[in-house]
There are 2 protein chains.
Amino acid sequence: MRLSIMKANLSYTDLLDLIEDNGSRITGQRRDIVNLLVARREGFTPEEINNELPNVGRATVYRTIKLLVNSGVLCKLTLPDSSIKYALAQISHHHHTVCVKCGIIGEFRDSTVERLLKAIDSDIDGDIVGHRLELHILCPECTRTRE
Amino acid sequence: MRLSIMKANLSYTDLLDLIEDNGSRITGQRRDIVNLLVARREGFTPEEINNELPNVGRATVYRTIKLLVNSGVLCKLTLPDSSIKYALAQISHHHHTVCVKCGIIGEFRDSTVERLLKAIDSDIDGDIVGHRLELHILCPECTRTRE
DNA sequence: CTCATTGCAAATGGTTTGCATTGGG
DNA sequence: CCCAATGCAAACCATTTGCAATGAG
């Protein structure tokens, strides 16, 4: 089995549909934000979204992020330096890779991880109800340009 | 192999030694904080430490936490609700379990995890240089009293 | 004695909220 | 039309910092 960083598979339209399914309205600002999110895969800080969309207020950016996180299409990531980034969920159940140098975020899925958790479950006091696995990597680009 | 949540194995004296090794001084306030840390294993918020030690200033609590984190004896954890807790590192390389209900923090070590990472490494674009694995569990106590 | 450490209060930075206004359906 | 969503600025909250006072070695 070949794992690799996968491309986004949630489209602009998918995201807007999810917002509607959530009982929320599709507004110009939300279109702008979603549009920005699908155009990139590296992950965003609210600050970055705010800078790129001067016509969307800071509060709206935060409110939309919360909306998307609650809908399960956006993931909140804690980087090694404790800073926060958000990245689009791209596949149903997955994990993230974070380059410790350039910060680029990838995603991977490996059923081995799930199997591992099942194995550990039987040996832990309590039931595993969720997990967070982030791999801190040095991406190919940064490996190449390592000084 | 039997895994279980392990008891702390870093003593009060160990921690003070580590502070000295770090080139820092042992002060009354640092003694108080370290004393509190070793007395419990659930993990702390800075706020909690501050409340329990009225004679230690807030800034000192934060400065000491940073000192200990940098020395590698205290781990910063991000809970499922994005709040932050600190827990004593208890074994060299390990992972944490966090009860999603009561918040109690446990620790486990499983070489299977390390082996898994090695396996994944060969299939990912980039080199794995670190990772964060947190298991969100429902601890035995909370399972028992589940309403 | 000297310099690291402390306490305090002020500053910071990211996120949220209150409220009047706007705009989608 | 109506109520959800927005923008703005003020509020918040955890954490950090400047600086004068303290204390460990």
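Lettering of chains follows the sequences in order, A, B, ..., and the numbering in each one begins at 1. In this text the structure is predicted, and so the values were computed from the model without any measurement.
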More 5' along DNA chain D: Gly28(A) or Tyr86(B), using each one's nearest nucleotide?
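Result: Gly28(A).
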Specify the residue among Val56(A) and Ile26(B) whose closest nucleotide of DNA chain D lies further upstream toward the 5′ end.
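Residue closer to the 5' terminus by nearest nucleotide: Val56(A).
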Take atom [atom1] of [X] and atom [atom2] of [N], then tell me their distance rounded to the nearest Å.
X: Arg31(A); N: dT6(D); atom1: CZ; atom2: C1'; answer: 16 Å
X: Asn51(B); N: dA14(D); atom1: CG; atom2: C1'; answer: 13 Å
X: Glu47(A); N: dT15(C); atom1: CD; atom2: C1'; answer: 11 Å
X: Asn55(B); N: dT22(D); atom1: CG; atom2: P; answer: 17 Å
X: Ile65(B); N: dT15(D); atom1: CD1; atom2: C1'; answer: 10 Å
X: Leu68(B); N: dT5(C); atom1: CG; atom2: P; answer: 12 Å
X: Leu16(A); N: dG24(C); atom1: CG; atom2: P; answer: 14 Å
X: Arg25(A); N: dT22(C); atom1: CZ; atom2: C1'; answer: 11 Å

Minimum side-chain heavy-atom gap [X]-[Y] below 4.5 Å:
X: Leu67(B); Y: Arg63(B); answer: no
X: Leu37(B); Y: Ile33(B); answer: yes
X: Leu68(B); Y: Ile19(B); answer: yes
X: Val56(A); Y: Thr64(A); answer: no
X: Leu74(A); Y: Leu88(A); answer: yes

Is the phosphate of [N] approached by [X] (side-chain N or O, under 4.0 Å from OP1 or OP2)?
X: Ser24(A); N: dA4(D); result: no
X: Lys66(A); N: dT16(C); result: yes
X: Gln29(B); N: dT22(D); result: no
X: Thr60(B); N: dG7(C); result: yes
X: Tyr62(B); N: dT16(D); result: no

Side-chain donor or acceptor of Arg58(A) under 3.5 Å from a matching atom on the base of dG14(C)?
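For Arg58(A), whose side chain was compared with the base of dG14(C), there is no donor-acceptor pair (under 3.5 Å).
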If you check the [X] side chain, which of [options] turns out closest?
X: Pro46(B); options: dT15(D), dG25(C), dG7(D); result: dT15(D)
X: Ile84(A); options: dT15(C), dT6(D), dG24(C); result: dT15(C)
X: Ala59(A); options: dC3(C), dC8(D), dA4(D); result: dC8(D)
X: Arg63(B); options: dT17(C), dG25(C), dT17(D); result: dT17(D)

Under 4.0 angstrom, heavy atoms only, what part of the nucleic acid is Asn50(B) near: base, sugar-phosphate, or nothing?
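Answer is nothing: Asn50(B) stays at 4.0 Å or more from every strand.
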What is the nucleic acid contact for Arg30(A), judged by heavy atoms within less than 4.0 Å: base, sugar-phosphate only, or nothing?
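Arg30(A): backbone/sugar contact only, no base atoms under 4.0 Å.
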Please say yes or no: joined through hydrophobic side-chain contacts below 4.5 Å, possibly via intermediate residues, are Tyr62(A) and Val34(A) part of one cluster?
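Shared cluster, no.
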